[in-house]
Amino acid sequence: MIYEMRTYRLKTGTVPAYLKLVGEEGIAIQRGHLGNLVGYYATEIGPLNEIVHVWGYRDLADRESRRAALAADPAWTAFLPKIQALIETMESKILRAAPFHP
């Protein structure tokens with residue numbers, strides 16, 4: 001199992017609008033393709049205006065095929081510009097669980 005941690009730095013003051021858009025439209029599309037949502041967070045302390053979401057995959061091939069299916073979905077390509085306008089930077093990390101991870 002691998003995990004992808006995606007961190008988005010949003011434009012100041014846009015976290016509520018971003019979460020509303022994702023909650024009402026985007027998350028259903030993502031879950032339909034990406035599957036295993038581990039967590040979805042907004043920062044309160046430290047770097048502000050950040051969104052962090054974590055997705056679990058069997059391996060890199062599973063991630064690649066799921067992300068390709070998401071990118072090809074017309075509903076996702078129609079939705080994406082709505083949140084891209086709110087995002088300043090994006091970062092993606094692939095994490096491997098430690099042997100003692102639950």
Side-chain angles (χ1 to χ4, degrees):
M1 171 76 66
I2 64 165
Y3 298 90
E4 180 178 19
M5 182 173 71
R6 299 179 72 88
T7 304
Y8 299 164
R9 168 68 58 100
L10 303 182
K11 294 177 182 174
T12 301
T14 63
V15 170
Y18 176 94
L19 291 175
K20 185 176 191 310
L21 283 167
V22 171
E24 291 177 354
E25 297 178 55
I27 201 67
I29 302 167
Q30 287 178 292
R31 280 187 169 153
H33 292 288
L34 302 181
N36 186 18
L37 176 61
V38 177
Y40 213 107
Y41 313 95
T43 58
E44 292 266 337
I45 297 172
L48 300 178
N49 302 302
E50 283 189 353
I51 299 294
V52 178
H53 44 115
V54 180
W55 298 86
Y57 301 98
R58 285 188 306 276
D59 52 34
L60 288 172
D62 180 42
R63 177 194 175 272
E64 184 177 339
S65 66
R66 288 175 176 275
R67 293 214 49 93
L70 176 66
D73 185 330
W76 181 249
T77 57
F79 170 75
L80 202 50
K82 297 176 185 181
I83 58 170
Q84 284 177 328
L86 306 176
I87 299 171
E88 288 187 345
T89 63
M90 299 170 23
E91 179 182 18
S92 176
K93 294 180 182 178
I94 298 297
L95 309 171
R96 293 198 184 275
F100 48 82
H101 176 74

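In this chain, residues are counted from 1 in sequence order.
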CZ-NE2 distance between Arg96 and His101, expressed to the nearest 0.5 angstrom: 13.5 Å
Reference residue Trp55; test side chain to side chain contact (heavy atoms under 4.5 Å, CB included); the match among Val38, Asn36, Leu37: Leu37
Distance check, rounded to the nearest 0.5 Å: Phe79 atom CZ versus Asp73 atom CG? 12.0 Å
Kindly indicate whether the side chain of Gln30, heavy atoms from C-beta on, has any atom under 4.5 Å from the side chain of Val22. yes
For residues Met90 and Val15: do they belong to one hydrophobic cluster (side chain heavy atoms under 4.5 Å, members Ile, Leu, Val, Met, Phe, Trp, Tyr)? yes
Would one find more than 12 heavy atoms of other residues, nucleotides or ligands at under 6.0 Å from atom CZ of Arg31? no
Would you say that Glu4 contacts Leu34 through its side chain, given a criterion of any heavy-atom pair below 4.5 Å between the two side chains? no
Near Glu64 CD, under 6.0 Å, is it more than 12 heavy atoms from other residues, nucleotides or ligands? no
Which pair of non-hydrogen atoms, one from Leu48 and one from Ile45, has the smallest distance, and what is that distance? CD2-N, 4.2 Å
Should Leu80 and Tyr8 be counted in the same cluster of Ile, Leu, Val, Met, Phe, Trp and Tyr side chains packed under 4.5 Å apart? yes
Would you say NZ of Lys82 has more than 12 non-hydrogen atoms from neighbouring residues, nucleotides or ligands within 6.0 angstrom? yes
Can you run down the salt bridge (Lys or Arg N to Asp or Glu O under 4.0 Å) pairs that involve residues 40-59, sequence neighbours left out, and say none if there aren't any? Arg9-Glu50, Arg58-Asp62
Tell me the ring pair (Phe, Tyr, Trp, His ring centres under 6.0 Å) pairs involving residues 14-42, sequence neighbours left out? Tyr40-His53
So if you build clusters from Ile, Leu, Val, Met, Phe, Trp, Tyr with side-chain heavy-atom gaps below 4.5 Å, do Tyr57 and Met1 land together? no
Do you reckon Tyr3 sits in the same ILVMFWY cluster as Ile51, going by side-chain contacts under 4.5 Å, direct or chained? no
Approximate separation, where rounding is to 0.5 Å, of Ile83 CD1 and Leu21 CG: 8.0 Å
Can Leu19 be reached from Val52 by stepping across I, L, V, M, F, W or Y side chains whose heavy atoms are under 4.5 Å apart? no
Heavy atoms, side chains only, cut-off 4.5 Å: are Lys11 and Asn49 in contact? no
Just how far is it from atom CG of Leu86 to atom OG1 of Thr12, taken to the nearest 0.5 Å? 12.0 Å
